[in-house]
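Computed over heavy atoms, backbone and side chain alike; hydrogens, waters and symmetry mates excluded. None of these values were measured; they are calculated from a predicted model.
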Amino acid sequence: MRNNLKVGLFICECGGNISDTVDIEKVKSSLDVEVVEQFENLCSLNGRKIIRDAIFEHDLDRVVVAACSPISHEKTFQDYVKPLNPYLMDMANIREQCSWVHDDKEKATKKAISLINASIEKVKQSDEVNPIYCQTPDEVAVIGGGIAGMNAALSLAKQGTKVTLIEQSPSIGGHMAKIGKVFSPVKIAEECGMCLLNPILNEVVWNENIEVMTCAKVVEAERRAGTYNLIVEQSPRYVDEEKCIACGKCAEACSVEVPDDWNDNLSNRKAIYRPFGQSYPEAYIVDIENCDKCGDCVRVCPMRAIKLRRKPEKIPISVGSVILATGHQLFDPNLRPEYGYSRYDDVITQSELGRITGVNGPTKGKLLKSNGEVPKRVVMIQCVGSRDEKPDGHKYCSKVCCMVSLKNANIIKHKYPDTDIVICYTDIRTPGMYEKYYKHSQASGVRFIRGRPGEVVKKGENFVVRVEDTLKREFSEIEADMVVLSTAMEPSEGTKEIAKILNVGTTEDSFIKESHPKIKPVTTDLQGTFVCGTAQDPKDITESIMQATAAASKVAEYNYGGIEIEPFIAEIDEEKCQLCGNCIKLCKFKSLSISDDKLNIDPMSCTGCGKCLTACKNAAITVNGNIDEKIFATIDGILTKKEPGERLILVFLDNIGYTAADNIGVNRISYPESIHIIKVLSVNRVRPRHIKHALENGADGVFIGEFPGDLMYEEVERKIERVKNRIAESNQNPERLAFSKVYIPYFTGLAKKLTDFDKKIKMLNESE
């Protein structure tokens, strides 16, 4: 019956991304389907019309779309196949995993045919199933209290959403609180950073829908039934916020002085302090690591607000969605010792220069060297750690460094017109309206030399900056009495930590990765989790705020519409179920529970891994979606097209591994054409019988990848070892089966593993 189904195939040229590498005419003539159509951009509205018209005209039962990745466009095409059930459509990924990873047109075409045939056979085994909808709580957690996090929280709060704003440092405000002046895309004059920040900070504080938690960080997270259960660890301030009146008597009495990190360690503060004048909470905090417990502050406090014996507290909160706004940190200039940052007092960073020129900075806005004199010449060195392929460097451009150096150069020129400023640059990047600011800097007398200096050395009382002018093609030595390093923006430690805790995807550079840079720019690959600001990549204040409001908008949309869950989860036959509880004990995702004499399944936490099936002696549990049969069909669809002498390797990956494989294509990293990737809900669903079937029917090798953070990882690893033993017992080579860890950020590692496995299989084929 299933073999008589009418299947329609729709091939996308993807504006040449596919058709330039894949011979679509050959693909069309090689496959047996009811109808084949191709279009330049199948995801467009015209593409939808082509698909729907064909469904009605040819009375199609199933649809296969050969295009880009289902990670980015599956929902779009599921909508396009209406009135068919959305799960009667399957996507063959012939862009990210074919045309973008292979150059040989003939081999790419052959692989595209195999991938499409696999989808055709798979979709024949698909049954009608309906998506499951879960409503999420309105509460939202915004992690990170910088300018992006505050704007996201404020936007949601004004819509009536309850927001918990979680900030690791003692005050909200982030990096913007440290900036003396900010630049603008439409103004030549620089504006006071605190004057712009304070109204937003005050609105956040005054809004009744926002709860601010400082000195706090998320340490655990669990997702269940549309709800995030977070454990937030809040360190004590050792000063009661409600009692403290910020009179400052405690700081006056304190005898301990330590470097002030808010001033980039250019000045000192006391062990009990207030981060900056407008900080919130408006209370002092004890630096307990440096406090000598003398008790002087306790004795002089008129409000008896200081409590030095308080302990950290773990606070559970439940929210429907999370916005990650964990910000950035700056590249450590000590990693470039040739610039003498640690050796010379007057080699500083742009961040430190911003504090020096700020009216609330260590010198009250005066540009002074370490000896108290105004510098006669300042040399700025761009791209310190950015566009840098040396060890510990970053290949990416940090995007704002050029504008920051121009801003600080202009500030100096306006106040000290006799100070000579030279900017040594790789390429000046001032897109859009910022170009006017660049021209203004040139007109103000700021000098530019195209070339990255090789070193900074001391010569008498001054520095010598050695640089090659790449325009004049000559080496020069520039004397200076102050050198400023424009250091790269890189992901903060908090960004890296929260990515691991939530298991959200990151880029190769450890920034939070968006689901799709164009159509889902603030959505992560984890449902209900969004990103904004410099946690996502380097950007300026304007762009951070725009992205924050976009993230808030997506959260509101998400909370209003609820969550759509794929229906491939466990299902209980109540007549067969005897409530023995064996499945509850075995379920690593804690998806099963008994209440009111009934076994219940939490659709949000169930992954459809199938572990519970092995526990049920009465066969009372099934998993929706005909999963086993679809895996068999996919295997057969690939192997049916195998030619004599051809090498075929099947790679089974779940959503995390599949996303990593997509990233290989996005970054145009190649791997052998023998590699055929099969997406599964859970690699635990790849049974020993599937592996045995593949190897017995022509697969040269089977590669299974699993994210080690998955709760089923150890289970799958043990299963693979058992399968290898069975393979050896049947006189087959167990080396033809491989199991590997897979991470989204380390897609280059996955490409290498696939290439190495192909070489291994080739050697086995030649030796056996």
- Pairs meeting criterion salt bridge (charged side-chain N to carboxylate O under 4.0 Å, His left out) with involvement of residues 496-506, two or more places apart: Glu493-Lys496
Should the pair [X]-[Y] be classified as a salt bridge under the 4.0 Å nitrogen-to-oxygen rule?
{"X": "Glu557", "Y": "Lys554", "value": "yes"}
{"X": "Glu211", "Y": "Lys162", "value": "no"}
{"X": "Lys307", "Y": "Asp240", "value": "no"}
{"X": "Lys630", "Y": "Asp628", "value": "no"}
{"X": "Lys217", "Y": "Glu167", "value": "no"}
{"X": "Lys520", "Y": "Glu514", "value": "no"}
{"X": "Glu574", "Y": "Lys598", "value": "yes"}

Hey, can you tell me if [X] and [Y] have their rings parallel, tilted or perpendicular (30° and 60° cut-offs)?
{"X": "Tyr80", "Y": "Phe77", "answer": "perpendicular"}
{"X": "Tyr743", "Y": "Phe707", "answer": "perpendicular"}
{"X": "Phe739", "Y": "Tyr713", "answer": "tilted"}

- Begin from the C-alpha positions of Tyr238 and Tyr284 and carry the test ring-ring contact (aromatic ring centres under 6.0 Å, His included) through to its verdict. CA-CA 9 Å; Tyr238 305 100; Tyr284 276 67; over 10 Å; no
Hey, are [Y] and [X] close enough side-chain-wise for a donor-acceptor pair under 3.5 Å?
{"X": "Glu715", "Y": "Asn684", "answer": "no"}
{"X": "Ser279", "Y": "Ser171", "answer": "no"}
{"X": "Asn618", "Y": "Lys576", "answer": "no"}

- Message: Return the CD1 to CD1 distance between Ile704 and Ile691, rounded to the nearest 0.5 Å.
- Response: 4.0 Å
- To the nearest 0.5 Å, how far apart are CD1 in Ile501 and CD1 in Ile231? 11.5 Å
- Message: When you measure from the side chain of Lys679 to the backbone of Tyr658, do you find a donor-acceptor pair of N or O atoms at a distance under 3.5 Å?
- Response: no
- Message: Looking at Ser682, is its backbone amide N or carbonyl O close enough to the side chain of Thr607 to form a donor-acceptor pair, meaning the two atoms are under 3.5 Å apart?
- Response: no
